[in-house]
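Everything on this sheet refers to the single structure shown next.
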Amino acid sequence: MNIVLLVCVILLAGFEAEALSYDYSVSIECLPKPLKPLYNGGIIQNPELNDGLHGWEAFGNAKIQHRESLGNKYVVAHNRDHPFDSVSQKIYLRKGLHYSLSAWIQVSENNVPVKAVIKTNNGYKFGGAIYGESNCWSMLKGGLIADTTGVAELYFESNNTSVEIWIDNVSLQPFTKKEWMSHQQESIEKARKSNVRLQAVDEKGEPLRNTTISMKMNRLAFPFGSAMSKEILQNSAYQNWFASRFTVATFANEMKWYTNEYAQGKDNYYEADAMLNFANTHNIQVRGHNVLWDDPNYQPSWVPQLSPQQLQQAVQRRVNSVVERYKGKLIAWDVVNENLHFSFFENKLGKYYFAKIFNDVHKIDGEATLFLNEYNTIEDQRDTSSAPSKYIQKIREIRRLNNNLPLGIGLESHFPNTPPNLPYMRASLDTLVATGLPVWITEIDVADQPNQAWYFEEVLREAHSHHGVRGIVMWTAWSPQGCYRICLVDNNFKNLPGGDVVDKLIAEWGKGHLAMTTDQNGFLEASLFHGDYEIEVSHPTKKNISLTHNIKVLPKDETEKTQQFIQLSV
């Protein structure tokens with residue numbers, strides 16, 4: 001008897017959450033009129049200001065006024081003496097609930113940061129920020145997790161007290177933790193998995209019931225990896241541990257300027273070359289990190305004393321040297337690190353200097369995605385220097401020189417020593433994904449604190465579940481002297497709590513075993529993570545004989561339907 005297995009990868013009806021669905025939509029354009037409030041305003045009273053100032057009151061010493069323009073009604077806070085002088089609404093928070101926050105903001109002067117703040121019995125919580133514009137409305141999207149139950153006040157503040165703050169279409173929607181996790185699962189089913197139907201039939205085309213089909217994922221399609229240190233070159237345990245888990249790597253220090261040209265004119269690529277060779281041998285993709293780092297504290301020791309002309313020549317040599325050496329060998333370049341917080345190069349070489357550098361890198365390595373890499377954009381809502389709207393402004397500056405650059409958004413994601421604000425993280429990702437550019441989590445970790453491993457798991461789950469995130473790299477390079485902030489293994493490569501989290505998630509995200517039996521019509525259906533699978537087929541009438549075959553489960557944008565015929569002759 002011959003067993004024929006028909007493998008049909010199809011898109012079937014997916015997971016549907018029972019909870020209120022999360023709204024991932026966001027506008028990144030400044031509009032003449034604001035869009036309707038998400039969730040019809042949630043728990044906010046009079047969210048569209050159609051009922052005068054009902055529910056709203058002055059906060060601090062501000063004066064507030066109800067206005068109308070182009071048929072749209074809104075509230076204005078003016079005569080402000082302090083940053084917090086604004087307009088507010090009393091709300092009732094419940095401890096542990098996740099709140100999605102949004103509002104439309106306009107200011108009387110251009111490009112002014114405005115923050116959403118929630119005053120509770122425990123202090124002040126920042127819900128998000130936007131750089132407001134004059135003559136058009138910008139959407140602020142953020143959120144918070146309530147740490148207390150009781151009455152609170154939502155208000156909006158700006159350090160620029162000379163501006164009026166205009167507010168409209170505010171929304172605050174609560175979700176339970178269970179509902180929040182159901183959103184994650186729903187998104188995973190849509191973005192990371194496909195439903196697969198398989199049928200086993202004999203040589204006559206008759207269905208074979210009770211056929212056992214075992215599936216083992218050999219490689220996860222979603223890029224998941226870690227920073228790698230040069231210690232891997234001489235440590236076989238490190239090599240085995242890394243290669244058995246990760247599909248993408250970033251070199252912690254070995255491709256940075258201060259390593260590659262520690263003395264002017266003297267190049268050192270020994271470790272980077274060897275590490276890239278190791279990665280290639282094990283089919284591990286590599287992100288180039290980084291061409292330039294804008295922090296003045298992390299320049300090669302000989303750079304700060306250069307004149308502007310000498311610096312420009314040195315930078316051009318650096319770009320040509322590193323990018324030419326590794327062109328075609330990397331999936332991405334972090335062209336500039338932390339340009340939203342620092343301006344070492346632009347202060348010396350001109351405000352838009354990095355737009356030129358992005359263009360230069362692309363001319364040399366036309367295939368790699370080019371990233372601006374930044375911290376605190378999704379992990380710390382208190383830092384407006386790198387808020388999502390500020391990040392998007394910088395992307396637009398770079399695009400002014402060349403709109404066809406293959407840009408990417410790199411989010412370091414170094415979470416501070418406080419519980420992570422998952423609603424703010426998700427809202428920030430929503431905003432950045434709306435650019436249409438690929439978004440990567442490039443250096444994720446969590447600061448040392450109680451529950452560090454649990455918080456690490458939370459932020460990894462949130463990142464992986466967001467449909468717009470294209471890959472995750474953890475900043476967890478191993479060193480015998482210790483890791484940066486969270487260690488995955490000890491010096492014997494035995495798991496620490498962080499390593500347990502990573503191994504659990506890798507298994508959960510598909511890299512495990514699944515065995516199922518066909519029904520009376522020879523069919524079985526399974527929801528599988530995208531990746532490379534090894535399938536073993538066996539039937540009880542033919543003991544000790546089985547068929548092994550490899551298949552790929554691909555996302556919808558890569559294949560609408562895949563059919564493979566596998567025949568076993570026994």
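For reference, positions follow the sequence shown, starting with 1. Side-chain atoms are counted along with the backbone in the values below, which use heavy atoms only and exclude waters and symmetry mates.
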Inset, instruction - Assign the ring pair W241 / F493 to parallel, tilted or perpendicular, where the plane angle (0 to 90°) is split at 30° and 60°. - result: tilted
Legend entry - Ring centers of H414, Y484 separated by less than 6.0 Å: yes
Legend entry - Rounded distance [0.5 Å steps], CE in M255 versus CE in M275: 8.0 Å
Inset, instruction - Answer yes if the side chains of D23 and Q173 hold a donor-acceptor pair under 3.5 Å, and no otherwise. - result: no
Legend entry - Name of the residue among L411, L460, V473 meeting side-chain contact (heavy atoms from CB on, under 4.5 Å) with I441: L411
Legend entry - Aromatic ring pairing W293/Y298, orientation class (parallel under 30°, perpendicular over 60°, tilted between): parallel
Legend entry - Centroid-centroid under 6.0 Å between Y99 and W180 rings: no
Legend entry - By salt bridge (Lys or Arg N to Asp or Glu O under 4.0 Å) - contacts of R382 (at least two apart): D380
Inset, instruction - Starting from the C-alpha separation in whole Å, work towards a yes-or-no answer on salt bridge (Lys or Arg N to Asp or Glu O under 4.0 Å) for K504 and E457. - result: CA-CA 9 Å; K504 178 174 71 172; E457 180 175 341; 3.0 Å; yes
Inset, instruction - Start with the C-alpha gap between K390 and E374, add the side-chain angles, then the distance that decides, and say whether salt bridge (Lys or Arg N to Asp or Glu O under 4.0 Å) holds. - result: CA-CA 11 Å; K390 194 67 172 178; E374 193 53 78; over 6 Å; no
Inset, instruction - Report yes if the distance between the aromatic ring centroids of F175 and Y39 is under 6.0 Å, otherwise no. - result: yes
Legend entry - Heavy-atom closest pair, residues V446 and V459: CG2-CG2, 4.0 Å
Inset, instruction - Would you tell me whether S187 and H466 have side-chain atoms, one donor and one acceptor, within less than 3.5 Å of each other? - result: no
Inset, instruction - Measure the CD-CG distance between Q199 and L208 for me, rounded to the nearest 0.5 Å. - result: 9.0 Å
Inset, instruction - Search all heavy atoms of V248 against all heavy atoms of P223 and return the closest pair with its distance. - result: CG1-C, 4.0 Å
Inset, instruction - Specify the closest pair of heavy atoms between P388 and T431, including all atoms of both residues, with the distance to one decimal. - result: CB-CG2, 3.9 Å
Legend entry - Side-chain donor/acceptor of S171 to backbone N/O of L38, under 3.5 Å: yes
Inset, instruction - Please answer whether the main-chain N or O of S27 pairs with a side-chain N or O of K141 as donor and acceptor at a distance below 3.5 Å. - result: no
Legend entry - side chain to side chain contact (heavy atoms under 4.5 Å, CB included) between W333 and F371, worked out: CA-CA 6 Å; W333 286 102; F371 284 81; over 6 Å; no
Inset, instruction - Determine whether N337 and E412 make a side-chain contact, defined as any pair of heavy atoms from C-beta on separated by less than 4.5 Å. - result: yes
Inset, instruction - For E367, look at atom CD and say whether over 12 heavy atoms of other residues, nucleotides or ligands are found less than 6.0 Å away. - result: no
Legend entry - Side-chain donor/acceptor of Q449 to backbone N/O of A447, under 3.5 Å: yes
Legend entry - Donor-acceptor contact below 3.5 Å, side chain N492 vs main chain K494: no
Legend entry - Interatomic spacing from CG in N280 to CZ in F278 - rounded to 0.5 Å: 10.5 Å
Legend entry - Sub-4.5 Å side-chain heavy-atom contact between T250 and W440: no
Legend entry - Heavy-atom side-chain contact between D334 and R287 under 4.5 Å: yes
Inset, instruction - Look only at the side chain of E525 and the backbone of R197, and say whether a donor-acceptor pair between them is shorter than 3.5 Å. - result: no
Inset, instruction - Find the distance between CG (L276) and OG1 (T281) and round it off to the nearest 0.5 Å. - result: 9.0 Å
Inset, instruction - Return yes when atom CZ of R219 has more than 12 non-hydrogen atoms of other residues, nucleotides or ligands closer than 6.0 Å, and no otherwise. - result: yes
Inset, instruction - Using modelled atom types only, decide if a donor and an acceptor are shared between the side chain of N240 and the backbone of S236 within a distance under 3.5 Å. - result: yes
Legend entry - More than 12 heavy atoms of other groups within 6.0 Å of Y270 OH: no
Legend entry - Neighbour count above 12 (heavy atom, 6.0 Å) for K394 NZ: yes
Legend entry - Side-chain heavy atoms of V291 within contact of V319, under 4.5 Å: yes
Legend entry - Verdict with reasoning, Y326 to D273, per side chain to side chain donor-acceptor pair (under 3.5 Å): CA-CA 9 Å; Y326 296 116; D273 286 350; 2.6 Å; yes
Inset, instruction - Output every pair passing salt bridge (charged side-chain N to carboxylate O under 4.0 Å, His left out) with a member in residues 469-483, not counting sequence neighbours, ordered by first then second residue. - result: none
Inset, instruction - Give the intermediate values and the outcome of side chain to side chain contact (heavy atoms under 4.5 Å, CB included) for residues E186 and K190. - result: CA-CA 6 Å; E186 183 178 19; K190 292 178 179 178; 3.6 Å; yes
Inset, instruction - Hey, could you give me the NZ/CZ distance between K193 and F529, rounded to the nearest 0.5 Å? - result: 4.5 Å
Legend entry - Test log, rule side chain to side chain contact (heavy atoms under 4.5 Å, CB included), inputs H513 and S214: CA-CA 7 Å; H513 292 80; S214 299; over 6 Å; no
Legend entry - Side-chain (T369) to main-chain (A332) donor-acceptor, under 3.5 angstrom: no
Legend entry - Sub-4.5 Å side-chain heavy-atom contact between E231 and W478: yes
Inset, instruction - Kindly say whether Q381 contributes a backbone atom to a donor-acceptor pair with the side chain of N376 at under 3.5 angstrom? - result: no
Inset, instruction - List the steps and the verdict of side chain to side chain contact (heavy atoms under 4.5 Å, CB included) for F358 and V336. - result: CA-CA 8 Å; F358 271 84; V336 57; 3.5 Å; yes
Inset, instruction - Ignoring hydrogens and angles, state whether a donor on the side chain of R426 or H183 is under 3.5 Å from an acceptor on the partner side chain. - result: yes
Legend entry - Within 6.0 angstrom of K256 NZ, more than 12 heavy atoms from elsewhere: yes
Inset, instruction - Apply salt bridge (Lys or Arg N to Asp or Glu O under 4.0 Å) to K327 and list each qualifying residue two or more places apart in sequence or on a separate chain. - result: E324
Inset, instruction - Answer yes if the side chains of N339 and D294 hold a donor-acceptor pair under 3.5 Å, and no otherwise. - result: yes
Inset, instruction - Please round to the nearest 0.5 Å and tell me the distance separating atom NE2 of H549 and atom CE of M215. - result: 14.0 Å
Legend entry - Test item: F242 and H282 side chains (from C-beta on) under 4.5 Å apart, heavy atoms: no
Legend entry - Side-chain (N218) to main-chain (Y533) donor-acceptor, under 3.5 angstrom: no
Inset, instruction - Spell out, as yes or no, whether a donor-acceptor pair under 3.5 Å connects the side chain of T518 to the backbone of T211. - result: yes
Legend entry - Trace of the side chain to side chain donor-acceptor pair (under 3.5 Å) decision for Y22 with D430: CA-CA 11 Å; Y22 176 82; D430 296 344; 2.6 Å; yes
Legend entry - Side chains of Y391 and T435 in contact at under 4.5 Å (non-hydrogen atoms): no
Inset, instruction - Evaluate the side-chain proximity of I398 to L407: yes if any heavy-atom separation is below 4.5 Å, no if none is. - result: yes
Inset, instruction - Check the side chains of N495 and D503 for a donor-acceptor pair under 3.5 angstrom, ignoring hydrogens and angles. - result: yes
Legend entry - More than 12 heavy atoms of other groups within 6.0 Å of R209 CZ: no
